[in-house]
Amino acid sequence: MAERSNRQVGETLYFMGQLLEVLGENPFKVRAYYKSAEVVERLATPVSRLDEEQLREIPGIGSAIAKKIREIVETGTFHELETVRAGIPEPLIELLSLEGIGPKTVNKLWKKLNVQSIADLEREAKQHRIRAIKGFGEKKEESFLKAIALYRERSGRMTRAEADAVVGMVVPVLEPGTFAMAGSYRRGKSTIGDIDIVSKEPPSVANPKIRTVAEEMIDEGAKKTSFRCLGKRVDVRFSRPEQFGSMLLYLTGSKPFNIRMREYAIFKGFKLNEYGLEDRSSGHLSEFATEEEIFSFLGMDYIVPELREDWGEVEAALARRLPVLVEDREVRGDLHVHSTWSDGVMSLEEIARAGEARGYEYILISDHSATLGIAHGLDEEGLRKQMHEVEVTNRSSSCRLIQGTEVDIMADGTLGLPARVLADVDVVIASIHSAFSQERDVMTRRVLAAVENEHVDIIGHPTGRILGRRQPAEIDIPRVIERAAETGTALECNASPFRLDLDDLYIREATRKKVKIAIGTDAHHPEEFGNIRYGVITCRRGWATAADLLNTMSHKELMEWV
DNA sequence: GCCGTTTTCGGCCCGACTGTTTTCAGTCG
């Protein structure tokens with residue numbers, strides 16, 4: 001039987017939450033299902049391996065949901081879900097994806113007009129039958145049609161590069177020094193839903209400038225403005241400078257982190273909101289210009305944005321046991337770069353100059369092996385010629401090029417170059433570039449074979465995902481991490497904004513198991529060297545310290561490590 | 001349905017904005 005992935009289990013729990021919500025169930029019960037879904041999906045360990053008792057120990061999962069998870073693992077669903085599902089038309093749930101439509105609206109449309117799908121809603125709105133319902137009017141009909149149109153052309157979450165493009169449009173119209181980025185952008189997530197900004201400028205000053213870059217103003221109030229830019233939603237909250245810290249804390253989130261912080265504030269006798277901390281007995285409001293002052297006021301260490309996920313960081317901050325995360329400036333080199341010897345556009349000379357310009361000690365030249373047809377890879381002879389050119393280039397460069405290769409992990413788990421060649425290469429990255437749809441067991445064994453190969457130093461982009469285009473391959477990453485810990489193999493955090501692979505949760509699992517992480521940009525073009533920051537921030541989200549990375553080692557230490 | 005630094009029962013974050021309303025419900029973040 002195929003093992004159920006955490007994603008599948010999470011989606012099932014999430015679906016239950018949606019069904020209950022549309023039925024008008026107790027909102028806290030609904031929240032419990034959503035919360036458990038989220039917890040399961042960001043757990044590195046597969047829930048299918050945990051028994052009921054172990055599941056119950058996970059915060060957010062109680063005895064009822066623990067039982068249901070076991071049921072999902074064994075049967076793919078659970079009895080109560082099937083009972084509830086039978087009473088609701090399936091396409092109804094999709095209506096929840098429309099902007100401005102929540103469970104109450106879905107329920108009302110269903111009960112009053114027998115709307116069961118988006119197509120039904122579109123028809124009813126066009127024929128002006130919505131306005132017949134009490135509480136709904138002409139504007140609702142318009143907004144439903146607009147939401148449907150928007151949903152059909154939806155482009156989903158942004159890569160970090162796309163988000164940077166939106167930011168690049170908006171930021172130039174704002175006054176320098178008067179604003180800060182917030183939301184998932186600031187937290188460094190690998191994909192971004194919308195762009196959040198906190199501004200000290202009053203809306204009367206900022207809004208006219210914003211309109212010049214907005215395709216559409218979604219709403220404009222005295223305290224916030226929402227608009228669309230490059231098709232993406234941007235939210236701006238306005239704040240007085242004295243309250244800037246509270247507003248930034250609030251808008252940075254995450255939502256679970258905010259809830260945790262506000263609960264803790266209640267425990268300490270305060271109400272926490274975006275304006276400050278209000279003493280619950282006296283009503284006195286303390287204001288904070290910076291986030292640091294808020295953490296200090298509550299008696300905890302400062303939590304950097306990357307850690308704000310309610311992932312144990314609040315407890316760690318209270319106990320003053322937060323990790324010291326790796327920083328950009330500690331990175332001494334890039335561990336995955338392609339040259340004109342395979343599918344890159346840079347010569348070795350150009351790569352060395354780029355490395356010097358960035359102040360790097362070294363760059364790992366990791367061109368493809370010849371098995372990958374599309375990438376014009378190197379065979380044994382080509383690789384030996386490249387070794388010579390690397391040597392020559394290094395004579396006149398302060399940034400050392402390290403001879404490496406990115407060798408294919410073939411469908412059967414063997415490598416694309418013979419062992420005698422790999423033995424002569426300083427650093428070997430082994431990656432999967434083909435046969436992504438193998439079954440989980442086959443796929444996992446394939447990667448494990450590479451981990452166990454004595455010549456392999458790093459597993460490149462381990463899950464193979466391409467954000468928005470290709471799901472992660474069916475690989476048991478926790479098992480790969482366990483084995484990598486035993487063999488001393490490093491795992492890559494590929495810094496391409498289209499990959500960010502491994503992602504934060506596996507980085508955290510890997511560092512817990514003392515597996516080293518190698519950040520590589522996979523750069524094929526000179527402008528891609530800057531992507532290293534996406535890799536660093538992803539590692540920070542995975543609680544990685546400088547000691548967890550290969551990139552923080554000196555050239556000498558790195559060579560000793562391999 | 002979860003959880004307990006105040007609780008094994010009774011809470012569960014907090015506020016902005018829109019549309020449809022004469023005071024609020026619903027949605028969103």
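So that the names make sense, note that chain A is the first sequence line, chain B the second, and so on, each numbered from 1. No experiment lies behind these values; they were computed from the predicted model shown.
Note on A:Glu327 versus A:Arg540: no salt bridge recorded, every NZ/NE/NH1/NH2 to OD/OE distance being 4.0 Å or above. Ion pairing of A:Lys126 with A:Glu122 is present here, as a side-chain N (NZ or NE/NH1/NH2) and a carboxylate O approach within less than 4.0 Å. Salt bridge annotation for A:Arg4-A:Glu74: absent, with no cationic side-chain nitrogen under 4.0 angstrom from a carboxylate oxygen.
Protein atom CD1 of A:Ile218 is 19 Å distant from nucleotide atom P of B:dA16, rounded to whole Å. Rounded to whole Å, atom P of B:dC28 lies 22 Å from atom CG of A:Asn273.
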Evaluate the salt bridge (charged side-chain N to carboxylate O under 4.0 Å, His left out) criterion for residues A:Arg228 and A:Glu215: first the C-alpha distance (whole Å), next the side-chain angles of each, then the deciding distance (0.1 Å), finally the verdict.
-> CA-CA 6 Å; A:Arg228 228 174 288 285; A:Glu215 285 137 28; over 6 Å; no
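With the nearest nucleotide of DNA chain B identified for both A:Lys223 and A:Lys108, A:Lys223 has the one nearer the 5' end.
Here A:Glu138 lies in heavy-atom contact (under 4.0 Å) with sugar-phosphate atoms only. Within 4.0 Å (heavy atoms only), A:Pro27 reaches no atom of the nucleic acid at all. Looking at heavy-atom distances under 4.0 Å, A:Gly183 makes no contact with the nucleic acid at all. Counting any heavy atom pair closer than 4.0 Å across all strands shown, A:Arg237 reaches sugar-phosphate atoms only and no base atom. Within 4.0 Å of A:Leu318, counting heavy atoms only, lies no atom of the nucleic acid at all. Within the 4.0 angstrom heavy-atom criterion, only backbone atoms of the sugar-phosphate kind lie near A:Phe136; the bases stay farther away.
Taking only side-chain nitrogens and oxygens, A:Thr105 comes nearer than 4.0 Å to OP1 or OP2 of B:dT27. For B:dA16, the OP1/OP2 oxygens have a side-chain nitrogen or oxygen of A:Tyr275 closer than 4.0 Å. For A:Lys140 and B:dT18, the shortest distance from a side-chain N or O to OP1 or OP2 is not below 4.0 Å.
The nucleotide whose nearest atom lies closest to any side-chain atom of A:Asp219 is, among B:dG1, B:dC14, B:dT18, B:dT18. When each of B:dT20, B:dC17, B:dT6 is scored by its nearest atom to the side-chain atoms of A:Lys139, the top-ranked nucleotide is B:dT20. Listed nucleotides: B:dC12, B:dG15, B:dT20. Nearest to the side chain of A:Asn26: B:dC12. In the set B:dG19, B:dC13, B:dT27, B:dC13 carries the atom at the smallest distance from any side-chain atom of A:Phe28.
Atom name P, nucleotides B:dG29 and B:dT23: the rounded distance is 29 Å, in whole Å.
Sparse packing is recorded around CZ of A:Arg479, with 12 or fewer heavy atoms of other residues, nucleotides or ligands lying under 6.0 Å away.
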